[in-house]
Amino acid sequence: MKILLRTLIILAAALVVVGGLYAFAQSPAGQAMRAAGPGGHEGGPPAGFESRRFEGAPGAGFPGGERPGGFDGHEGRGGHGPSLLGLVEVGKNLAIVAVSVILVALGARLLQLGRRDRPRRTPA
Amino acid sequence: MASTTRPVNRNLVNLLLDAAVFVAFLAATAPRFTGLAIHEWLSLAVAAVVVTHLLLHWSWIVGVTRRFFGRVTWGSRVNYLLNALLFVAFTIVTFTGVMISEVAMPLFGVQLGHDRLWMQLHRLASDAAVILIGLHVALHWRWIVSTTRKLLFRAGGRPSPRPSDLAAPVAHEVNR
């Protein structure tokens, strides 16, 4: 019961964020962002994604009215397969995390050194 | 018959869950690597694990929220604010991801019209989340290293730590 209540609190907090997001989407700033966005049509796949959206009825355009083997109706919906080239993206994100760790560690070390070098005030 | 259940090693649970969600997050933020279908399903799984992560650290969240303007160290305040931003970023990424879903949502029969704004926000929030995750890991680096060391030593034949030593790490941060 306690876990359920806590989960609902977390989801309620998320709902507040979503509400703010919707308010932003309706605002002039959101409209401007929508207009300035890349892509010529409403939406479209993310960068690097090649849309393979099937138009018309399922199977339309294929001989015998059936899709070739391997298409179950979901992967063909603008999806794309995994690629090892995407490891570059993983490496980039991992590098960002590593740089953050190093910067914070260096900052903490400098702060520590600064505190150590500061002369201690003796009580009057 | 006496019960033989061992106390749950909270540190181990936290470390394994956090490591798993970190690896899953890294994979999910690279849709070209995973493919769209895995990207979507993995991201939904990450969202569920993030909720579990919050539930596991509930006492810390409540503790700092109550004393945010009172007796709390600046370290805890910074950590709290960073976590709040991370929560906002994750919520935006998950919500916009659902809105632009091309595999997971259509499977449930939900067809949402594509909106460029959701796509843009999805990318922006995802980039922000990567940086925030980096800072989150950085702030907990000492705990990650010390807990990993402790667990490795224990696996190497050292005696198990007392249950009192296995309390959630962040629970102490409130009073630090």
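Every chain is numbered from 1 and lettered A, B, ... according to where its sequence line falls, protein lines coming before strand lines.
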Side chain, backbone, both or neither: which part of [X] has an atom under 4.5 Å from a heavy atom of chain A?
| X | value |
| --- | --- |
| B/Thr34 | backbone |
| B/Phe25 | neither |
| B/Leu124 | side chain |

When clusters are formed by joining ILVMFWY residues with side-chain heavy atoms under 4.5 Å apart, either directly or through shared neighbours, do [X] and [Y] land in the same one?
| X | Y | result |
| --- | --- | --- |
| A/Leu106 | B/Leu135 | no |
| B/Phe90 | A/Leu8 | no |
| B/Leu151 | B/Val145 | yes |
| B/Ile133 | B/Leu16 | yes |
| A/Leu111 | B/Leu81 | no |

Is it the side chain or the backbone of [X] that comes within 4.5 Å of chain B heavy atoms, both, or neither?
| X | value |
| --- | --- |
| A/Leu103 | neither |
| A/Ala25 | both |
| A/Ala13 | both |

Kindly give the heavy-atom pair with the smallest separation between B/Leu117 and A/Gly30, and that separation in Å. CD1-O, 3.6 Å

Looking only at non-hydrogen atoms, find the nearest pair between A/Ile10 and B/Phe87 and report the distance. O-CZ, 3.6 Å

From B/Ile61, B/Leu55, B/Val51, B/Val62, residue fulfilling side chain to side chain contact (heavy atoms under 4.5 Å, CB included) relative to A/Arg6: B/Leu55

Which residues from residues 93-100 of chain A are near chain B, with near meaning under 4.5 Å between non-hydrogen atoms? A/Asn93, A/Leu94, A/Ile96, A/Val97, A/Ser100

Excluding sequence neighbours, so at least two apart, what forms side chain to side chain contact (heavy atoms under 4.5 Å, CB included) with A/Val18? A/Tyr22, B/Thr91, B/Phe95

Is the CZ atom of B/Arg66 crowded by more than 12 outside heavy atoms at less than 6.0 Å? no

Return yes when atom CH2 of B/Trp141 has more than 12 non-hydrogen atoms of other residues, nucleotides or ligands closer than 6.0 Å, and no otherwise. no

ring-ring contact (aromatic ring centres under 6.0 Å, His included) with B/His136: which residues, sequence neighbours excluded? B/His140

Would you call A/Met33 and B/Leu121 a side-chain contact if the rule is heavy atoms closer than 4.5 Å? yes

Ranked by heavy-atom pairs below 4.5 Å to chain B, first place among A/Ile9, A/Leu21, A/Leu11 goes to A/Leu21

Under a 4.5 Å heavy-atom cutoff, which of A/Leu15, A/Val90, A/Val88 has the most pairs with chain B? A/Val90

Greatest number of non-hydrogen atom pairs under 4.5 angstrom with chain A, of B/Thr52, B/Leu139, B/Val137, falls to B/Val137

Rounded to the nearest 0.5 Å, how far apart are CZ of A/Arg34 and CD of B/Gln120? 9.5 Å

Tell me who clusters with B/Val23, hydrophobic residues only, linked when side chains sit under 4.5 Å apart either directly or through other members. none

